[in-house]
Amino acid sequence: MLTSDDVDDFAQRLDQATLEAQAVTQLTTTKAFSLAEAYTIQRAGIALRKLRGDELVGLKMGLTSRAKMVQMKVEVPIYGHLTRSMILEDGGTVLRASHIHPRVEPEIAFLLAKDLEGPVTPAQALAAVDCCCCALELIDSRFENFQFTLQDVVADNASSSRFVLGSRVRPRDTDTGNLGMVMTKNGVVVETGSSAAIYEHPARSLAALANQLVSLGEQLKAGMIVMTGGATAAMALSPGDRARVDVDGLGSAELFVV
Ligand code: 0L1
Ligand code: MG
């Protein structure tokens with residue numbers, strides 16, 4: 001079992017790794033900890049960001065594809081926190097030097113019109129949604145070689161680094177359950193998939209998040225952004241790259257790396 005000093009030490013190691021763009025060794029090689037303790041470390045890391053003036057704007061789901069769930073031996077996806085400093089405007093630029101080994105994945109995001117509290121079904125979860133949009137998530141594991149255990153990646157805020165939202169479309173206009181998604185690098189198609197790969201339906205991912213939060217004392221509030229998970233494998237990025245996702249009926253989102 002971790003002491004509060006262990007939690008602080010682990011959260012600070014990850015925070016420093018993020019700020020300095022320097023990979024660290026997996027925390028679990030120092031001391032084993034449970035999934036619940038991993039979320040405690042994650043929340044301690046978010047608290048450090050808030051001390052610097054950052055604020056919570058939403059949550060993200062991770063490990064939502066069947067392939068990643070099998071690989072990490074999880075039955076339910078994991079989640080992480082999104083803060084204001086992680087927002088990148090559509091077409092915005094990120095510095096390669098501010099990241100360790102950035103990768104990008106194509107996603108669907110929801111913006112909530114109402115508070116959402118589990119237990120809920122996917123249909124009930126959708127009733128709390130204001131609008132949806134295509135999105136890109138930049139992930140950048142703070143661990144060497146992008147290698148981690150489930151506990152490590154949860155402590156590391158589910159590898160999240162930045163995110164881009166495309167233009168907004170109301171959910172009643174678009175069923176997000178099986179939309180074609182194409183991710184390109186410098187205009188060349190690298191990954192193709194369907195939003196059905198996001199935990200079978202992005203709304204199911206949203207409901208799973210609301211349901212997980214019930215026992216953890218965290219809430220989904222009106223105005224929050226929820227990134228529902230990657231629809232394909234993530235794509236590595238280098239300086240000079242332009243990453244873009246196009247989603248059927250939802251438009252596009254892109255970012256540049258310098
Ligand atoms: O958003 C994601 O699905 C990533 C979750 C963490 C696992 C990874 O870094 O690939
Ligand atoms: Mg993701």
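Atoms considered below: every heavy atom in the structure, side chains included; atoms not considered: hydrogens, waters and symmetry mates. Numbering of ligands and ligand atoms starts at 1, following listing order. Remember, it's a predicted structure, so these values are computed and weren't measured experimentally.
For Met72, no heavy-atom contact with ligand 1 is shorter than 4.0 Å. With a heavy-atom cut-off of 4.0 Å, Met227 does not touch ligand 1 at all. Contacts of Leu63 with ligand 1, taken as heavy-atom pairs under 4.0 Å, involve both backbone and side chain.
Heavy atoms of Glu105 come nearer than 4.0 angstrom to ligand 1 in at least one pair.
In terms of distance to the Mg ion (ligand 2), the nearest N, O or S atom of Glu107 is named OE2. Summary: OE2 is the N/O/S atom of Glu105 found nearest to the Mg ion (ligand 2). Nearest N/O/S atom of Glu137 with respect to the Mg ion (ligand 2) is recorded as OE1.
A salt bridge is defined here as a Lys NZ or Arg NE, NH1 or NH2 lying under 4.0 Å from an Asp or Glu carboxylate O, and Asp54 with Arg84 fails to meet this definition. The existence of a salt bridge linking Glu37 and Lys31 is excluded, since no basic side-chain nitrogen approaches an acidic carboxylate oxygen closer than 4.0 Å. In this structure, Asp15 pairs ionically with Arg52, as a charged nitrogen and a carboxylate oxygen lie closer than 4.0 Å.
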### Task
For Leu250 and Thr174, run side chain to side chain contact (heavy atoms under 4.5 Å, CB included): C-alpha distance rounded to whole Å, both residues' side-chain angles, the deciding distance at 0.1 Å, then the answer.
CA-CA 8 Å; Leu250 291 191; Thr174 311; 4.0 Å; yes
### Task
Take Arg170 and Asp130, measure what salt bridge (charged side-chain N to carboxylate O under 4.0 Å, His left out) needs, and give me the verdict at the end.
CA-CA 7 Å; Arg170 298 213 160 258; Asp130 178 33; 2.8 Å; yes
### Task
Please test Asp152 against Thr149 for side chain to side chain donor-acceptor pair (under 3.5 Å), starting from the C-alpha separation and ending with a verdict.
CA-CA 5 Å; Asp152 285 313; Thr149 65; 2.9 Å; yes
### Task
Check the pair Tyr79, Met227 against side chain to side chain contact (heavy atoms under 4.5 Å, CB included), reporting the backbone distance first and the verdict last.
CA-CA 9 Å; Tyr79 74 92; Met227 299 281 287; over 6 Å; no
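Applying the 4.0 Å criterion to heavy atoms of Phe146 picks out, from ligand 1, the atoms 9 (O). For ligand 1, the atoms lying closer than 4.0 Å to a non-hydrogen atom of Lys60 are 1 (O), 2 (C), 4 (C), 5 (C). Near Glu137, with a cut-off below 4.0 Å to any heavy atom, the atoms of ligand 1 are 1 (O).
Judged by distance alone, with hydrogens and angles left aside, the side-chain atoms of Asp156 form a donor-acceptor pair with the main-chain N or O of Arg142 at under 3.5 Å.
For atom 5 (C) of ligand 1, the closest heavy atom belonging to the protein is Ala158 O, 3.6 Å. Here the protein heavy atom with the shortest distance to atom 8 (C) of ligand 1 is Phe148 CZ, 3.6 Å. In terms of protein heavy-atom proximity, atom 9 (O) of ligand 1 is nearest to Ser159 OG, 2.7 Å. The protein heavy atom nearest to atom 10 (O) of ligand 1 is Lys68 NZ, 3.2 Å.
Leu2 is connected to Phe143 through a chain of hydrophobic side-chain contacts under 4.5 Å among Ile, Leu, Val, Met, Phe, Trp and Tyr, so both are in one cluster.
Exactly one residue among Ile108, Thr176, Leu209 makes a side chain to side chain contact (heavy atoms under 4.5 Å, CB included) with Thr228. That residue is Ile108.
For ligand 1, none of its N or O atoms has an N or O atom of Thr64 under 3.5 Å away.
The residue among Asn157, Leu138, Val153 with a heavy atom at the shortest distance from atom 6 (C) of ligand 1 is Val153.
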